[in-house]
There are 2 protein chains.
Amino acid sequence: MSAGVEWAVHCCAVLSAATEPVPVTKLAELHGVSKTYLAKHMQALSHSGLVQAIEGRDGGYLLTRPGSEVSVYDIVQAIDGPEPAFRCTEIRQRGPFPATAEACKVPCGIAQVMAKAERAWGDSLRSVTLADLNAAFDASSPGSWETVRGWLAATPTP
Amino acid sequence: MSAGVEWAVHCCAVLSAATEPVPVTKLAELHGVSKTYLAKHMQALSHSGLVQAIEGRDGGYLLTRPGSEVSVYDIVQAIDGPEPAFRCTEIRQRGPFPATAEACKVPCGIAQVMAKAERAWGDSLRSVTLADLNAAFDASSPGSWETVRGWLAATPTP
DNA sequence: ATGAATGTGGATAACTCTTGTCCGAGTTAG
DNA sequence: CTAACTCGGACAAGAGTTATCCACATTCAT
């Protein structure tokens, strides 16, 4: 899985707690990561429709939906793309005993097992929203969101 | 996920239906894939202890356990390695508001969610054995295993 | 013993994907 | 209108994957 997924989830969590557009500069500074590379991942989020890009001065990114309606799965898919991890290359159709066209109307047994496992993985990620993440974080570090919100509003970009 | 996983699962399914050592040459020919590259993946299976390598003439590979005791997860892990797909880089400890050492005794919320999803994925794969795969295949194409077994025993390597 | 068949490990090359950086186009506040 | 600030896509560099080949040790039949 792409490492940018971690950055994107953290950024979306921050965005769900923000009230005004947050520029990439602040997101990168807040998380201590490269600004230019983070921008690339934010583009993917914007392209997927998860976040809205506000251009121009005082612009930045906004979530298009409330945090309670954005699942971790949405973010992972926006960054890593929709392709499944396992790709069946249909080797059952090769070799001296190729599968009949009749049997190939159904995905091969191995592909079915892999697809089922990926569905289980996706269902698990779908069941967690940004609101859940933020609630858990606030429970472990009370008041942190207030600090971050204040920093976002007050700190001028140097 | 590595593409070699598909080859490895197919090969293990064949091995679980075989009674004598099957050399890489036959496995590759049977599946219509590159012999040299398949040899690399078989080495990985051998290293993991899933299969036993018989050297010398009339050698080949044998499963070390019956097919009913080998799960698809075992094969995936042997080929792709034990590292999880998601690696937490602890960016919560960076930036102007690093997480306290107290909070870091527990994995960050995002890592927990990802780990839980990967467990669900692994559990799904663990629940399917080579025997299950072979039974499903035999139901869709009755008698195919007999054909393959005969070809393995009779065909001399050219 | 000899030769053929077989797995093992290393070295190597092409290719793809991820990672990372840069500069330009467009927008908005003042 | 100007100037600053924003996103957006094009552009390199690095790492990992995919794929191949060969020299070597081992085993069995002749």
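Fair warning: this is a prediction, and the values are worked out from it, not measured in the lab. Numbers restart at 1 for each chain; the letters A, B, ... are given by sequence-line order, proteins then strands.
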Would you classify [X] as touching base, sugar-phosphate or nothing, given that sugar-phosphate means primed atoms plus P, OP1 and OP2, and contacts are heavy atoms under 4.0 Å?
X: Thr36(A); result: base
X: His47(B); result: sugar-phosphate
X: Gly60(B); result: sugar-phosphate
X: Gly56(A); result: base
X: Ala3(B); result: sugar-phosphate

To the nearest Å, how far apart are [X] [atom1] and [N] [atom2]?
X: Asp58(A); N: dC7(D); atom1: CG; atom2: C1'; value: 14 Å
X: Tyr61(A); N: dT27(C); atom1: OH; atom2: C1'; value: 14 Å
X: Gln52(B); N: dT8(C); atom1: CD; atom2: P; value: 11 Å
X: Glu6(B); N: dA19(D); atom1: CD; atom2: P; value: 12 Å
X: Asp80(B); N: dT18(D); atom1: CG; atom2: C1'; value: 13 Å

With the threshold set at 4.0 Å, does a side-chain nitrogen-carboxylate oxygen contact exist between Arg149(A) and Glu146(A)?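 Salt bridge between Arg149(A) and Glu146(A), a charged N being under 4.0 Å from a carboxylate O: yes.
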Between Glu90(B) and Arg92(B), is the closest basic N to carboxylate O distance under 4.0 Å?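 Salt bridge between Arg92(B) and Glu90(B), a charged N being under 4.0 Å from a carboxylate O: yes.
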Polar pair under 3.5 Å, donor/acceptor by atom type, side chain Lys40(B), base dG10(C):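 In this structure, the two groups form a donor-acceptor pair.
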Under 3.5 Å, is there any donor-acceptor pair linking the side chain of Gln43(A) to the base of dG9(D)?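 Indeed, a donor on one side and an acceptor on the other fall under 3.5 Å apart.
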Using a 4.5 Å cut-off on heavy atoms from C-beta on, say whether the side chain of Trp7(A) contacts that of His31(A).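 His31(A) vs Trp7(A): side chains apart.
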Are Ser16(A) and Asn134(A) close enough that a side-chain donor and a side-chain acceptor fall under 3.5 Å?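 Yes.
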Closest to side chain of Pro23(A), choosing from dT18(D), dC7(D), dG20(C):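 Closest nucleotide to the Pro23(A) side chain: dC7(D).
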Selection from dT28(C), dT18(D), dT21(C) that lies nearest to any side-chain heavy atom of Arg57(A):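 That would be dT28(C).
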Exam field: side chain Glu118(A) to backbone Ala85(A), donor-acceptor pair closer than 3.5 Å: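 Present.
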Between Arg87(B) and Glu55(B), which is nearer to the 5' end of DNA chain C once each is assigned its nearest nucleotide?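 Closest to the 5' end, via its nearest nucleotide, is Glu55(B).
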